[in-house]
Amino acid sequence: MPELPEVEVVRRGLERWASGRAITDVEVRHPRAVRRHTAGAADFAARLRGHRFGPARRRGKYLWLPLDDPGVCVLAHLGMSGQLLIQPAGAPDERHLRIRVTFADPAGGELRFVDQRTFGGLSLHRELVVPDSGALPDVIAHIARDPLDPLFDERAFHTALRRRRTTVKRALLDQSLISGVGNIYADEALWRARLHYERPTASLTRPRTTELLGHIRDVMNAALAAGGTSFDSLYVNVNGESGYFERSLDAYGREDEPCRRCGTPMRRRPWMNRSSYYCPRCQPPPRPRRTVPVAPGKAGTRNVSRRPGK
DNA sequence: AGGGTAACCTGTATGC
DNA sequence: TGCATACAGGTTACCC
């Protein structure tokens with residue numbers, strides 16, 4: 001369950017049902033579910049066995065559980081279809097069960113990683129203490145803080161947007177600029193901010209950036225309060241329950257339905273091998289940044305977006 | 001250097 | 001019914 005609110009729902013479940021428990025065994029049923037571990041699945045299992053999970057952490061869409069083996073942690077990414085479930089030991093195996101973790105207190109259930117598309121997985125890493133960044137797994141050092149992180153640096157984010165020569169939705173999905181935002185919440189926040197997804201980031205003023213970030217936080221907090229967004233049984237919490245934020249979506253998945261602000265039919269456009277949903281009236285496409293040079297002798301070429309100061 | 005695209009997978013929905 | 005195609009909430013390697 002991919003974006004920040006859904007991952008946070010899972011983190012809370014792990015914190016409650018997995019943290020503090022001692023691991024007795026790990027069964028890897030699909031080799032690809034263990035990521036970036038050259039020593040292989042058997043070694044992965046051996047390094048977990050006998051250790052205890054610490055508190056559940058999250059940055060953006062990544063989750064991790066430190067082990068009582070100091071400086072070592074288990075990192076999880078759900079990809080497009082991954083689930084972390086706490087199941088009674090006797091429950092029938094799910095069709096796409098990839099990894100099973102059993103504990104010294106079996107009455108508390110076992111932890112299962114289930115993943116239809118195998119874009120997600122678990123991996124084992126060193127947890128580094130980065131002076132300015134807190135403790136986080138070494139391989140996600142490039143992942144930016146997420147908008148719900150109290151230490152998210154809004155000023156630096158805005159500076160980065162101004163410097164980039166890209167469009168606003170691309171930037172929102174760039175996990176090295178801001179993490180946790182995916183296709184759904186990007187479309188929702190852009191709709192709320194009345195910004196077209198192809199708006200150049202360099203054209204955003206500081207107040208616009210502040211406003212956009214406010215909408216991202218609002219929609220994510222609202223989704224979190226509703227248990228996340230679920231379209232089907234693929235996206236569930238650790239107890240297998242769906243969130244119900246889908247009914248509150250204003251943009252995502254609403255092609256041809258009336259904009260909840262102005263009534264204009266919403267549109268869907270193919271975008272980066274997926275879709276963007278927007279209101280053509282509330283979120284008009286940006287004007288081209290540069291005018292085509294006029295023929296010599298004509299009135300003058302006007303450059304609409306000359307950058308201020310040299 | 002940084003932006004943009006294709007690939008990694010399995011399943012479901014839709015149209016012919 | 002069968003078959004082909006499009007699409008799905010993410011990330012990465014690799015083009016240019």
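Numbers restart at 1 for each chain; the letters A, B, ... are given by sequence-line order, proteins then strands.
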Nearest whole Å is fine: how far is dG10(C) P from Tyr62(A) OH?
12 Å
According to a strict under-4.0 Å criterion, is Ser81(A) in side-chain N/O contact with OP1 or OP2 of dG9(C)?
no
Arg47(A) atom CZ: more than 12 heavy-atom contacts under 6.0 Å:
no
With a 4.0 Å cut-off on heavy atoms, is Asn273(A) in touch with a base, just the backbone sugar-phosphate, or nothing at all?
base
Gap between atoms CG and P, on Leu63(A) and dG10(C) respectively (whole Å)
14 Å
To the nearest Å, give me how far apart CG (Asp174(A)) and P (dT11(C)) are.
10 Å
d(CD, Glu255(A); C1', dA8(C)) in whole Å:
15 Å
Is the closest side-chain heavy-atom distance between Pro55(A) and Glu15(A) below 4.5 Å?
yes
Length of the CZ-P vector between Arg117(A) and dT12(C), whole Å
16 Å
Please say whether the positively charged group of Arg261(A), taken as NZ for Lys or CZ for Arg, lies over the ring of Trp191(A), i.e. under 6.0 angstrom from the six-membered ring centre and within 45 degrees of the axis.
yes
Residue set satisfying salt bridge (Lys or Arg N to Asp or Glu O under 4.0 Å) with Arg170(A), at least two apart, ordered chain then number -> none
Using a 4.0 Å heavy-atom cut-off across all strands, classify Tyr185(A) as base, sugar-phosphate, or nothing.
nothing
Basic-acidic side-chain contact under 4.0 Å: Arg58(A), Glu8(A):
yes
Please confirm whether the shortest side-chain N or O distance from His77(A) to OP1 or OP2 of dT11(C) is below 4.0 Å.
yes
My validator wants the stems of DNA chain C: runs of 3 or more consecutive Watson-Crick or G-U pairs, both distances under 3.5 Å, written as range with range.
B:2-8 with C:10-16, B:10-16 with C:2-8
Report each atom pair, protein N/O against N/O of nucleotides 13-16 of chain C, whose distance is under 3.5 angstrom.
none

Under 5.5 Å centre to centre and under 30° between planes: does that hold for Phe119(A) and the six-membered base ring of dG10(C)?
yes
Nucleotides bounding contact with chain A, strand DNA chain B, heavy-atom threshold 4.0 Å
dG3(B) to dG11(B)
Distance check, P atoms only: dA6(C) and dA6(B), in whole angstrom units.
14 Å
Look at all strands and tell whether Arg164(A) reaches a base, only sugar-phosphate, or nothing, counting heavy atoms closer than 4.0 Å.
sugar-phosphate
Is the ring centre of Phe231(A) less than 6.0 Å from the ring centre of Tyr252(A)?
yes
Using a 4.0 Å heavy-atom cut-off across all strands, classify Arg32(A) as base, sugar-phosphate, or nothing.
sugar-phosphate
Between Arg163(A) and Gln116(A), which has a closest nucleotide on DNA chain B that is more 5'?
Arg163(A)
Would you compute the distance between atom OG of Ser242(A) and atom OH of Tyr244(A) and round it to the nearest 0.5 angstrom?
12.0 Å
Would you indicate what Phe245(A) reaches in the nucleic acid, counting non-hydrogen atoms under 4.0 angstrom: base, sugar-phosphate, or nothing?
nothing
Distance under 6.0 Å and angle within 45° of ring axis: Arg21(A) vs Phe103(A):
yes
Is a salt bridge present between Asp187(A) and Lys169(A), judged by a nitrogen-to-oxygen distance below 4.0 Å?
yes
Regarding Arg35(A), tell me which of base, sugar-phosphate or nothing describes its non-hydrogen contacts under 4.0 Å with the strands shown.
nothing
Taking dT5(C) as the reference, what is the distance to dA7(B) when you measure between their P atoms (whole Å, please)?
16 Å
Between atom CG in Leu78(A) and atom C1' in dG9(C), what is the gap in whole Å?
11 Å
CG of Leu234(A) versus P of dC7(C): gap in Å, rounded?
19 Å
How would you list, by chain and number, every residue that makes a side-chain contact (heavy atoms from CB on, under 4.5 Å) with Glu94(A), sequence neighbours excluded?
Leu85(A), Gln87(A), Leu97(A), Arg112(A), Val114(A)
Anything under 3.5 Å between a donor and an acceptor, one on a side chain of residues 213-228 of chain A, the other on a protein residue two or more places apart or in another chain? List them.
from, atom 1, to, atom 2, distance (Å)
His215(A), NE2, Arg192(A), O, 3.4
Arg217(A), NE, Pro147(A), O, 2.6
Asn221(A), ND2, Arg217(A), O, 3.1

Could you state the NZ-C1' distance from Lys61(A) to dG9(C), rounded to the nearest angstrom?
8 Å
Note, Pro265(A) side chain near Pro258(A) side chain (heavy atom, < 4.5 Å)
no
Any chance you could measure Tyr235(A), atom OH, to Ser81(A), atom OG, to the nearest 0.5 Å?
6.5 Å
